[in-house]
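Structure, as structure tokens:
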Amino acid sequence: MYNDERSGVGTSCRGIYYCELPKLDAIIKEAGLEHDPILIRMTGCPNGCARSVLGEIGFIGKAPGKYNLYLGAGFYGQRLNKLYRENINEEQILAELTPIIHRYAREREAGERFGDFVIRTGYVQAVSVGKDFHL
Ligand code: SF4
């Protein structure tokens, strides 16, 4: 398992050392959010060892270099995330997330967590029943 030394809130299986997704860190810093933790969880397959379904941003590997992207879990573990984009590559992931992260930096309410923001602004619906996270 990998744990993000910067924020302490990123968790993934070991694939993170070999993939491009750490570029997300640069995007978060570019948006001025380096001191505002966003819970990111990534796993290489649906076994979910790093509990991707609990990430405000979650990734589950589908094939080499391809992931399902999930958004909207509760920062405190109070809500699962929801499928946002299916089977996309790393370039597509960064293209999807960059504008959302920058919008979050500009438009979030005081104290609003990223997972709550993406629900309030309509990117995903809140998951209130576990079986709905993948719909
Ligand atoms: S089983 Fe899947 S989620 Fe768990 S460490 Fe291996 S690739 Fe990652």
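A quick note: this is a predicted structure, and the numbers were derived from the prediction, not measured.
- Side chains of I100 and L71 form a contact here, defined as non-hydrogen atoms less than 4.5 Å apart.
- You'll find the side chain of L94 stays beyond 4.5 Å of the side chain of E90, heavy atoms only.
- Residues passing the side-chain hydrogen bond (donor to acceptor under 3.5 Å, both in side chains) test with E107 are R103, sequence neighbours excluded.
- For the atom pair CG (N81) and CZ (R51), the distance works out to 14.0 Å, reported to the nearest 0.5 Å.
- Remark: side-chain polar atoms of N89 are paired, donor with acceptor, to backbone N or O of E91 under 3.5 angstrom.
- Rounding to the nearest 0.5 Å places CD1 of I101 at 5.0 Å from CD1 of I28.
- The side-chain contact (heavy atoms from CB on, under 4.5 Å) search around A105 returns A31, L33, not counting sequence neighbours.
- Here T121 contributes atom OG1 and R108 contributes atom CZ; the two are 13.0 Å apart, rounded to the nearest 0.5 Å.
- K66 contributes atom NZ, which lies 9.5 Å from atom CD1 of I88 (distance to the nearest 0.5 angstrom).
- Contact detail for A73 and G55: the closest heavy-atom pair is CB-O, 3.1 Å.
- Hydrophobic clustering, with ILVMFWY side chains joined whenever heavy atoms are under 4.5 angstrom apart, groups L39 together with Y76.
- Salt-bridge annotation for D36 and R113: absent, with no side-chain N of the basic residue lying under 4.0 Å from a carboxylate O of the acidic one.
- Residue pairs satisfying the salt bridge (Lys or Arg N to Asp or Glu O under 4.0 Å) criterion with at least one member in residues 79-89, sequence neighbours excluded, are listed as follows: R79-D116, R85-E96.
- At a threshold of 4.5 Å between non-hydrogen side-chain atoms, the residues F75 and P37 count as touching.
- A distance of 10.0 Å separates OG of S52 from OH of Y67, quoted to the nearest 0.5 Å.
- Counting only heavy atoms from C-beta outward, the side chains of L97 and L24 approach each other to under 4.5 Å.
- The closest donor-acceptor contact from the side chain of E56 to the backbone of F114 lies under 3.5 Å.
- Scored by the side-chain contact (heavy atoms from CB on, under 4.5 Å) test, R120 finds E109, E112, F117 as partners (sequence neighbours excluded).
- Checked against side-chain hydrogen bond (donor to acceptor under 3.5 Å, both in side chains), Y70 has the following partners two or more places apart in sequence or in another chain: N68, H134.
- How far CG of L69 is from OH of Y84: 7.5 Å, rounded to the nearest 0.5 Å.
- A distance-only check finds a donor-acceptor pair linking the side chain of R41 to the backbone of A50 [under 3.5 Å].
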